[in-house]
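Position 1 is the first residue of the sequence; numbering continues from there.
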Amino acid sequence: MSNADGEVLDFGIDGMTCSACVGRVERTLLRVPGVMAAEINLATERARVTVLGVPKERLIAAIKAAGYGAKSLHEDDGQAAEADAARALAARRDLRHVVIAAVLSTPLVVPMLLGGAVVLPGWVEFALATPVQFWLGARFYRAGWKSLRAGAGTMDLLVALGTSAAYGLSAYLLAAAWIGGNGGTPELYFEASAAVITLVLFGKLLEGRAKRQTGAAIRALMALRPERARLRMADGSEQEVPIGQVRHGDLVVVRPGERIPVDGKVTAGASAVDESLLTGESRAVSKTVGDRVTGGAVNGDGLLLVETTAIGAETMLARIVRLVESAQAGKAPIQCLVDQVAAIFVPVVLGIAAVPALGWWFATGNIETAILDAVAVLVIACPCALHLATPTAITVGTGAAARSGILFKDVDALATAHRVQLVAFDKTGTLTEGKPVVVALEPAPGQGEAEMLRLIAAIQAGSEHPLARAVLHYAAEAGIIVPTASNLRALPGRGIAAEAEGRALQLGSRRLLEEQGAAPGPLTLRAAALEAEGRTVSWLLDVAQAPAQVLGLVAFGDAVKPGAAAAIAALRASGLRTVMLTGDNAGSASALLGVDETVSELLPEDKLAAIARLRQGGRIVAMVGDGINDAPALAAADIGIAMSTGTDVAMAAAGITLMRGDPALVAGAFDISRRTYAKIRQGLFWAFAYNVIGIPLAAFGFLSPMIAGLAMAFSSVSVVSNALLVRGWKVGGTAHDAPAPPADRLQPPRAKPAAYRQAA
């Protein structure tokens, strides 16, 4: 992947265990010439690096030199399967090690729990603790040694130092007793070192399982990609080929119950398609000839013939995966504080452990107590939870959002969404269906209705605008023969001009009417009544002479989306102010009930000024739109929200993409952002709380090393588990349960074509 600022490379990182590891890998990458940015995610064990002309091999070599494993990641199903297999193998190995460690440690811990009623011989304790320390705990020595060589401190170093101190003290006391020949068994602390390693291994096992669950959303999306497609050949036969061999324009046969392998357009057949895993829409969507389908969706009970329009990285599924990965790879602003703390955490902890240990030793002369207290400090202070809190919550939150059809472009979009104070909406296609129909056709006195419709249709014949399609459909129903127009030109924000049947014509808004100085005459009251009903009114003008002559008006109705009013109500209930920006007249805009403010009759460039006005005073503003003319406003807002039912330009300018045109998803985007950041704050609070409370208790001798190890393991597991509670989030039912708008808003009454009225 690449962008204007450089090439973006993704890597899988092995061996990271805590925040210090993350900082070390990040610093290592940033020292490589040509690396512009590096973002490391401990929860997903991934690195995203932005570079200019740096080969992947150089970055991999740098990461390995720092003591970690690395491999390049790319969109490859085989690689994903290989990674899953490696994770499963590592999980089985970790479980086996935990079981063995528990079996060896239990005989050491039980006598301590029994208050010394049973005492194992010293050599038995030594024999049980040694394999736990140097075989099962070897990972801590290897990682700790690598961090020392790199001049950094990590969790592994703290565990290695702490357990080695307890084990070494016990071995020394046992050896001294044997050499002294007193025949007794001194008080040993092998159970402390063995129990700490067992608990840390157990904590890492649980943490690993929880971390694997955070990537469930990405793996579910990757699993949607079919491996093979069935092509319709030129002779009518069918041939099954690997998905990589499909090309643009190929015809793909999709049988009932199969997953659609490519993005494309239906050329034959009809069916209901389940797109729930892509869009979050629970209901199957009807597809027929001319409709677009998305790779990864499941075909229903009909046979479809699909013409391929996108393959590989161009498909909607690939774009969704990239967006989710991008959001999960980023670093939230709050993480910067965590990084600053983590950079000095391990050295500070080593100092804290040394001071009370020396103090107890000098004060009491009991080196055993001093060492055990130092061990407890080193163990409880492992900073795993500190760096897991933010990336785990972000990974889980963005994954849950993706399952509901909400895609965050990056972590900045997620960070901004929960602070939004005002939401501005475009109207057409966002709050309405964007499929207007002609509801009234009113000629001026002395003008014929059929002639007027013929002229309007001629002007609109070359346009793809939704209003133009409504006029042409209306004219076709009336049996009108549309004449050819010439000199067509757009009048931005006003309408369109053309010549037809020897007349210079313009069709457009009230703004156009006023600029031409035309007098609507008897149509004034009719236009006002239509606008008050929420209709969009366009005027037909003959501009051959000044002032222009009004030939008549045509009014359009556009159905309000069923969930629009309820979605706005949900936003207002959550404390957000709502504004609608529209190019329509004030009457049409104000007919959409529930919006706090309406700004109407806007030119495309006016929306930019409106957004700038709304942002005054430091307000955080979100803009929701779907059209090309919305793209500047989407980019100008603090955060843009685009409907995927709209244009690619709008989606490219937005920070959040909604995979279906449901306004309820707007409130959902803010809700999941708030919930995710709540989990981040909770995770960081508990991560700091464990250390703020636990380190002093350990330093003053109130925590044994074993209890400290248990607390450290529990801190990481609890932080990750708390973040995982977001996994079950779905867009709330509030918007769907609220009363629907009046029926006449949902389905505007249509005027009958002139031919029908004449026949009647």
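Tested against Glu125 for a side-chain contact (heavy atoms from CB on, under 4.5 Å), the candidates Leu174, Leu108, Thr130 yield a single pass: Leu108.
Scanning all heavy atoms of the two residues, the minimum distance from Ile63 to Gly69 falls at CG2-O, 4.1 Å. Between Ala401 and Phe408, the closest heavy-atom pair is CB-CE1, 3.8 Å. Scanning all heavy atoms of the two residues, the minimum distance from Arg46 to Ile13 falls at C-CG1, 4.4 Å. The two atoms that bring Thr676 and Gly397 nearest to each other are OG1-CA, 3.5 Å, heavy atoms only. Nearest approach of Leu120 to Leu128, heavy atoms of both residues: CD1-CD1, 4.4 Å. Contact between Arg228 and Pro261 at its shortest, heavy atoms only, is O-CB, 3.9 Å.
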Practice task
Would you please test Ile672 and Val726 for side-chain contact (heavy atoms from CB on, under 4.5 Å) and show each step?
Solution key: CA-CA 8 Å; Ile672 187 61; Val726 182; 3.5 Å; yes
Practice task
Could you give me the CA-CA distance, side-chain angles and deciding distance for Tyr68 and Val25, then say whether side-chain contact (heavy atoms from CB on, under 4.5 Å) is met?
Solution key: CA-CA 8 Å; Tyr68 302 91; Val25 173; 3.7 Å; yes
Practice task
Verify side-chain contact (heavy atoms from CB on, under 4.5 Å) between Val35 and Thr50, making sure each step is shown before the conclusion.
Solution key: CA-CA 6 Å; Val35 172; Thr50 305; over 6 Å; no
Practice task
Begin with the C-alpha distance, continue with both residues' side-chain angles, and end with the deciding distance and a verdict on side-chain contact (heavy atoms from CB on, under 4.5 Å) for Val32 and Arg58.
Solution key: CA-CA 8 Å; Val32 177; Arg58 183 182 301 176; 3.8 Å; yes
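Counting heavy atoms from C-beta outward, Ile40 and Leu29 have side chains that approach closer than 4.5 Å. Residues Val8 and Arg48 are in side-chain contact: their nearest non-hydrogen atoms beyond the backbone lie under 4.5 Å apart. Proximity of Ser718 to Tyr690: side-chain heavy atoms (C-beta onward) are separated by under 4.5 Å at one or more points. At least one side-chain heavy atom of Pro131 sits under 4.5 Å from a side-chain heavy atom of Leu104. Counting heavy atoms from C-beta outward, Ile406 and Val731 have side chains that approach closer than 4.5 Å. Arg139 has its side chain within reach of Leu201: a pair of non-hydrogen atoms, C-beta onward, lies under 4.5 Å apart. Residues Arg31 and Arg27 form a side-chain contact, since some pair of their non-hydrogen atoms from C-beta on lies under 4.5 Å apart. You'll find the side chain of Tyr141 reaches within 4.5 Å of the side chain of Gln133, heavy atoms only.
The aromatic rings of Phe190 and Phe126 sit perpendicular, their planes meeting at an angle over 60°, well past the 30° parallel limit.
Ser72 contributes no side-chain N or O that, together with a main-chain N or O of Phe11, makes up a donor-acceptor pair within less than 3.5 Å. Using a distance-only test at 3.5 Å, with no hydrogens or angles considered, a donor-acceptor pair links the side chain of Thr398 to the main chain of Thr395. Within the 3.5 Å criterion, the main-chain N or O of Gly296 finds a donor-acceptor partner in the side chain of Arg259. With hydrogens and angles ignored, the 3.5 Å screen pairs a side-chain donor or acceptor of Ser673 with a backbone N or O of His418.
Between the OG1 atom of Thr198 and the NE2 atom of His97 there is a distance of 12.0 Å, given to the nearest 0.5 Å. The distance from atom CZ of Phe134 to atom OH of Tyr167, rounded to the nearest 0.5 Å, is 4.5 Å. In this structure, CZ on Arg96 lies 10.5 Å from CG on Leu136, to the nearest 0.5 angstrom. To the nearest 0.5 Å, atom CG of residue Leu725 and atom CZ of residue Arg727 are 9.5 Å apart. The distance from atom NZ of Lys64 to atom CG of Leu59, rounded to the nearest 0.5 Å, is 12.5 Å.
Side-chain atoms of Trp729 and Asp671 include a donor-acceptor pair closer than 3.5 Å.
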